[in-house]
*Asks:* 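Can you read through this structure? Questions will come right after.
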Amino acid sequence: GDSFDEECDYLFKAVLIGDSAVGKSNLLSRFSRDQFQLDSKPTIGVEFAYRNIRVGDKLIKAQIWDTAGQERFRAITSSYYRGALGALLVYDITRRATFENLRKWLQELREYGSSDMVIVLVGNKSDLANSAREVNIEDGQSLAQLEGLSFLETSAMENLNVEEAFLSMITKIHEIMS
Ligand code: GDP
Ligand code: MG
């Protein structure tokens with residue numbers, strides 16, 4: 001089963017980053033809903049969820065950190081990034097500014113994150129693509145290519161590509177670790 005106490009072969013930390021209201025918390029709750037143990041530490045201002053994932057014959061416990069709204073005040077500190085092996089860098093395809101701000105998030109990742117961190121670029125809210133898209137899929141693709149990142153558009157609302165986004169990060173981290 002996927003119980004919290006199950007023996008795992010690897011434990012690693014990953015973080016969610018990106019502007020406020022791009023859908024980070026909903027992506028995490030979508031990914032971790034039902035099957036997973038949720039552990040909340042409101043006293044230190046971040047929340048995280050665990051999910052156990054089987055990759056080949058190994059059981060990986062991914063601890064995924066979510067901001068508790070600090071990104072609003074640019075108050076994410078180095079401790080948030082410390083020890084993180086992966087990051088989902090999220091923007092909102094319906095708000096161009098959240099894409100422009102990726103430059104700032106990438107700078108912060110380079111400053112605080114480890115150099116071999118696996119970063120997956122995520123353009124969220126793809127369910128609104130027809131009515132409200134402000135960032136072309138090609139823009140996401142070329143930024144990802146330029147920066148050497150994986151890239152996916154997701155919808156936390158409609159559960160499109162959410163599993164794929166997290167699993168692509170997790171399997172890449174596993175490749176690096178093993
Ligand atoms: P966070 O601040 O980055 O953690 O963003 P939240 O997860 O709190 O989401 C911000 C707002 O966007 C909320 O109103 C969500 O309901 C909405 N939202 C999140 N993901 C999606 C999505 O995939 N599609 C749509 N249409 N709305 C979304
Ligand atoms: Mg949030």
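Counting starts at 1 for both ligands and their atoms, following the listed order.
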*Asks:* Rounded at 0.5 Å granularity, tell me how far CZ in R51 sits from CD in Q63.
*Replies:*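 Output value for this atom pair is 15.5 Å.
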*Asks:* In terms of residue, atom name and distance, what is the protein heavy atom nearest to atom 2 (O) of ligand 1?
*Replies:* A21 N, 2.7 Å
*Asks:* Does any N or O of ligand 1 fall below 3.5 Å from an N or O anywhere on D66, backbone included?
*Replies:* no
*Asks:* Indicate yes or no: does an N/O atom of N124 lie under 3.5 Å from an N/O atom of ligand 1?
*Replies:*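 Yes: some nitrogen or oxygen of N124 is under 3.5 Å from one in ligand 1.
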*Asks:* Which of parallel (below 30°), tilted (30 to 60°) and perpendicular (above 60°) describes W65 and F48?
*Replies:*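 Aromatic pair W65/F48 classed parallel.
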*Asks:* Is there a side-chain contact between Y10 and K61 (heavy atoms, below 4.5 Å)?
*Replies:*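 Sidechains of K61 and Y10: no contact.
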*Asks:* Is any protein N, O or S atom closer than 2.8 Å to the Mg ion (ligand 2), and if so, which?
*Replies:* S25 OG
*Asks:* Out of A156, S126, S25, indicate the one that has the non-hydrogen atom closest to atom 4 (O) of ligand 1.
*Replies:*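 Nearest heavy atom to atom 4 (O) of ligand 1 lies in S25.
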*Asks:* State whether K24 and D66 are salt-bridged, where the test is any N-O pair (Lys NZ or Arg NE/NH1/NH2 against Asp/Glu carboxylate O) under 4.0 Å.
*Replies:*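 No salt bridge links K24 with D66.
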*Asks:* Among N124, N161, N26, D127, find the one that has a side chain to side chain donor-acceptor pair (under 3.5 Å) with S155.
*Replies:*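 With S155 as partner, side chain to side chain donor-acceptor pair (under 3.5 Å) holds for just one option, D127.
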*Asks:* Quick one: does E175's side chain get under 4.5 Å of I170's, heavy atoms only?
*Replies:* no
*Asks:* Decide whether an N or O pair under 3.5 Å exists between D127 and ligand 1.
*Replies:* yes
*Asks:* Answer yes if the side chains of E71 and T67 hold a donor-acceptor pair under 3.5 Å, and no otherwise.
*Replies:* yes
*Asks:* For the side chain to side chain donor-acceptor pair (under 3.5 Å) test, which of E111, K13, E108 pairs with Y81?
*Replies:*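 So the option named by the test is E108.
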*Asks:* Quick test of your reading of the structure: of M157, K125, E47, whose heavy atom lies closest to atom 18 (N) of ligand 1?
*Replies:*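 That would be K125.
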*Asks:* So with a 6.0 Å cut-off around CZ of R96, is the heavy-atom count from everything else above 12?
*Replies:* yes
*Asks:* Can you name the one residue among L27, V120, N159 that meets side-chain contact (heavy atoms from CB on, under 4.5 Å) with T154?
*Replies:*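 So the option named by the test is L27.
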*Asks:* Quick one: pull up CE in M169 and CZ in F12 and give me the separation to the nearest 0.5 Å.
*Replies:* 6.0 Å
*Asks:* Heavy-atom distance under 4.5 Å between the side chains of E164 and L152, does that happen here?
*Replies:* yes
*Asks:* For atom 14 (O) of ligand 1, is there a protein heavy atom at a distance under 4.0 Å?
*Replies:*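 Under 4.0 Å from atom 14 (O) of ligand 1, zero protein heavy atoms found.
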*Asks:* Could you tell me which atoms of ligand 1, counted from 1 in the order shown, lie closer than 4.0 angstrom to a heavy atom of N26?
*Replies:* 6 (P), 7 (O), 8 (O), 9 (O), 15 (C), 19 (C)
*Asks:* Does E158 approach ligand 1 within less than 4.0 angstrom via side chain, backbone, both or neither, non-hydrogen atoms only?
*Replies:*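 Within the 4.0 Å criterion, E158 makes no contact with ligand 1.
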*Asks:* Mind checking whether L128 contacts ligand 1 via backbone (N, CA, C, O), side chain (CB onward), both or neither, at a 4.0 Å heavy-atom cut-off?
*Replies:* side chain
*Asks:* Test your reading of the structure: does K24 have an N or O sitting under 3.5 Å from an N or O of ligand 1?
*Replies:*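 K24 vs ligand 1: N/O contact under 3.5 Å present.
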*Asks:* Should E153 and R133 count as an ion pair when the cut-off is N to O under 4.0 Å?
*Replies:* yes
*Asks:* Between G23, G18, A132, S155, which one has a non-hydrogen atom sitting closest to atom 5 (O) of ligand 1?
*Replies:*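 Answer by nearest heavy atom: G23.
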*Asks:* Going by the order shown, which atoms of ligand 1 are within less than 4.0 Å of some heavy atom of E71?
*Replies:*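 It comes down to these atoms of ligand 1: 2 (O).
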*Asks:* Report the part of T67 in contact with ligand 1, treating N, CA, C, O as backbone and CB onward as side chain, heavy atoms under 4.0 Å; options are side chain, backbone, both, neither.
*Replies:*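 The answer is neither.
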